[in-house]
Amino acid sequence: MKGIVHKIIPFSAVDGPGNRTGVFLQGCNFNCKYCHNPETIAFGMNEETTEMEPEEVVAEVMKNVPFIRGVTFSGGECTMQKSFLMEVIPMLKEKGLSVLLDSNGSLDFSKEEALVEMIDGVMLDIKAFDSDEHKELTGRDNEIVLKNAVFLAEKGMLTEVRTVIAPTLYSCDKAVENIARLLAPYNEQKAIRYKLIQYRPHGVRKEYLKTKVPTKDYMEQMKQIVESYGFTDIILT
Amino acid sequence: MRDISMERVNATRNAILGIIKDKKLTHEQKVNSLAGQADSLLEVLELPKGLEESMNVSVEEKTICDLNEGHAPMRPRYIIPDYDKFMKEGSEFLQLAPPQDIWEAVNSLLIFYKHVPSVTNFPVYIGSIDKLLEPFIQDEEEAKKAIRLFLTHIDRTILDSFCHANIGPEDTKAGRIIMELDRELQNAVPNLTLKYDPDITPDDFAEMAAQTALISAKPSFGNHKMFVNELGEDYVVASCYNGLKLGGGSYTLCRVLLGNLAKKADGIDDFMNRALPETLEIMAAYMDERIRFIVEESGFFESNFLAKEGFIHKDRFTAMFGLVGLAECVNLLFEKEGKTGRFGNCKEADDLGVAIIEAIDTFNANHENVNCSITDNHFLLHAQVAIDSDVNSSPGCRIPIGEEPENLVDHLNHCGRFHKYFPSGIGDIFPIEVTAQKNPAFIVDLVKGSFAKDVRYLSFYSSNSDVVRISGYLVKRSEMEKLKAGSNVLQDTTHLGVGASTNLHVLDRKVR
């Protein structure tokens, strides 16, 4: 089956550890206010997307070997094209490449044994902790997202947790603290990387251009909150 | 000795007075420049036929260049002393016994460096400093202090960033300390290469090197396996990125300006069958003569303590056959043939580039000089990094700045096509976006993949750092600003940096 691909970035330094090819799939079931690539939200084809067979994606990725260590599927929300992922991922694994998913956590991974078995990890975007704030920010509830965080952490598959820091859109300090508290016990088993992403207006929709960018000091404060729960691998970006 | 005109004598006298009065030169820089002026009055070399027309013409016309090596070379261009021998045995001439602790070790090396000449009058190689210092590290804090002073001393007294140190491929305490201090000090001198072999160098050590490079533009990564295969275990990386033998060096480096040479040809056939072979012959003959003078007339190997005490050996010297402007050459030849492809973005154009390099490689394989016995009596090919006065001459085989392929993968694959021909040095430089600072494994992946595809040498720096890589040496942006504002500055390479950023647009490289 074909996948609807928005873009493939041959070399990325920001989509997981090392050098990875980023495959950005079209379509997302969230509608985050601060989304910096809103053109990837709508499902289906448009003038920017390409329909690709799994073999075609693999051929594109292989052009970047041996310079990459793996592939990251992102988007949009890549798990919305689950069947496509389940066809293309084994082909990439066979080539010796690691595969990570960048996900909003809306697909219950505990019910997706086959998919989870074939990947090397998930970079999970936890947008907010409080359910109401999460709905206000993204249009969807976060019960499954938090369940996924724990499930993946237990399995040692939580490669990275990411939260965008935009203090005028939701209470970041409470969210970050609660997320850190939730995942703190799992740091002993395997240090979880927490990436705190400073909101930036690049690429956002018009209505959000004036949303406040958090200060360096504020970002440091968020980092300290996470550190206080025993996290040692924290990236501010 | 041949006579020269009074006109030339007077021009030289005026130049000397100009140097003496130049407010933009430090005292040391003046003294070095005056020595060059004195040398310029001599005409003692037997110049091959055709050299005058190739070399002593305008910068847009010259096809052969000796990089101001001088009219009567009094020492080899690059000298690579065996510092291990010095650390184990000391030196009679310098009245130094072998060092016993970290302070004696750094002190001895700093003294020795002051007695190592080169074309710049400063040492172009200061040792595998991690291996030289590692045996003396007892207390790490004390070692850090000593090495911090050592590195600062080097930056403030070896006033030229062609001075090059090596570390690796093994992980050592000394190597880690040196990199930590580089991140802190961010000095332009010394230049630094990590001899990198993914089978020997642990990933975390390589990542530290990448992270250090993104802060202070060094170390660069050298393909250890590739160099060892061609030059043996006792190779070093010196000056810009030159592969040479320990205890030896290079008598001379001359270069062909391929872009200018293409101007003199009617098309590809005329270039390959007439212009190129003729020029290669002239330059090889010129290099033979320069070598003859150093070996037979200069008296260097007979009198200099480095040779007398066995820190260098005449039979470990070779010579470097250099070139620049391959991109401009290919592009011009294509234009003359009515073809539209550009070097770096068109396979056919790149194929022509490879064919030209192979022709030069074949020429060198057939040219013999018995003073280069260490490299089977042949010169080694070298991709010269251009000089500040060059106009429209990309370094070596590099893709011109401004025409870099959109995707880095294509650029790296391009490097892989050329690097294998240049054992005495070639390298490519990539400024990296700031976000990669949090992910040094990104750089290590690029290096691993590149080295697997015959890339020899890679340098990285961050798009926002003060220290930047010009073409094969480092300069601080802040020092360049001082110079442009009229002050004199400590390192002569800052002058070259200002020239290069104007003429060679080195600050406009595509950021990856």
Side-chain angles (χ1 to χ4, degrees), chain A residues 7-23 36 59-72 74 95-100 102 120-121 123 159-162 164 191 193-198 200 202-203 216 219-220 223 226 231-237, chain B residues 196 198-199 202-204 206-211 213-214 221 223 225-226 347 404-417 419 428 430-455 458 460-464 510-512:
Chain A
K7 184 164 49 174
I8 297 182
I9 295 183
F11 286 179
S12 170
V14 298
D15 288 292
N19 186 20
R20 314 183 68 79
T21 291
V23 179
H36 69 281
E60 273 304 302
V61 169
M62 289 309 289
K63 287 180 189 171
N64 307 320
V65 169
F67 304 100
I68 52 171
R69 66 172 66 178
V71 177
T72 296
S74 184
K95 302 284 187 190
L97 295 165
S98 74
V99 175
L100 297 176
D102 179 9
D120 296 281
M123 291 178 295
T159 304
E160 199 170 281
V161 175
R162 297 149 159 207
V164 173
R193 170 169 286 192
Y194 200 151
K195 200 182 241 179
L196 298 166
I197 303 169
Q198 188 188 32
R200 285 178 192 82
H202 270 320
K216 242 191 180 161
M219 293 299 294
E220 271 302 320
K223 182 178 177 192
V226 175
F231 282 71
T232 51
D233 188 359
I234 305 163
I235 308 240
L236 294 182
T237 184
Chain B
Y196 180 61
D199 294 336
D203 278 345
D204 65 332
E207 285 175 28
M208 181 183 284
Q211 197 188 23
L214 291 177
F221 291 79
N223 190 337
K225 276 200 179 75
M226 202 171 178
K347 186 177 178 299
E404 300 99 325
E406 191 56 42
N407 290 328
L408 181 54
V409 60
D410 297 322
H411 200 151
L412 292 172
N413 279 324
H414 185 274
C415 299
R417 293 195 71 184
H419 281 210
D428 275 83
F430 298 97
I432 301 289
E433 60 180 28
V434 170
T435 45
Q437 280 188 16
K438 317 273 184 178
N439 184 7
F442 166 74
I443 303 262
V444 177
D445 284 353
L446 290 179
V447 175
K448 279 184 183 166
S450 302
F451 284 8
K453 297 204 83 179
D454 292 337
V455 172
L458 290 171
F460 302 95
Y461 62 94
S462 180
S463 49
N464 71 346
K510 190 179 188 72
V511 176
R512 300 299 189 173

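Residue numbering restarts at 1 for every chain, and letters A, B, ... go by the order of the sequence lines.
The residue from B:V434, B:I443, B:N439 that alone fulfils the side-chain contact (heavy atoms from CB on, under 4.5 Å) condition with B:L214 is B:I443.
Counted within 6.0 Å of NZ on A:K7, heavy atoms from surrounding residues, nucleotides or ligands total 12 or fewer; the atom is thus considered open.
Considering only heavy atoms from C-beta on, A:F11 stays 4.5 Å or farther from B:N407 through its side chain.
Ranked by heavy-atom pairs shorter than 4.5 Å toward chain A, the options B:S450, B:A441, B:A452 are led by B:A441. Counting heavy-atom pairs closer than 4.5 Å to chain A, the top residue among B:V444, B:V447, B:N413, B:I432 is B:N413.
B:K453 touches chain A through its side chain: at least one heavy atom from C-beta onward sits under 4.5 Å away, while N, CA, C and O do not. Residue A:K195 does not touch chain B at all, counting heavy-atom pairs closer than 4.5 Å.
Rounding to the nearest 0.5 Å gives a distance of 5.0 Å between CZ of B:R512 and CG of B:L408.
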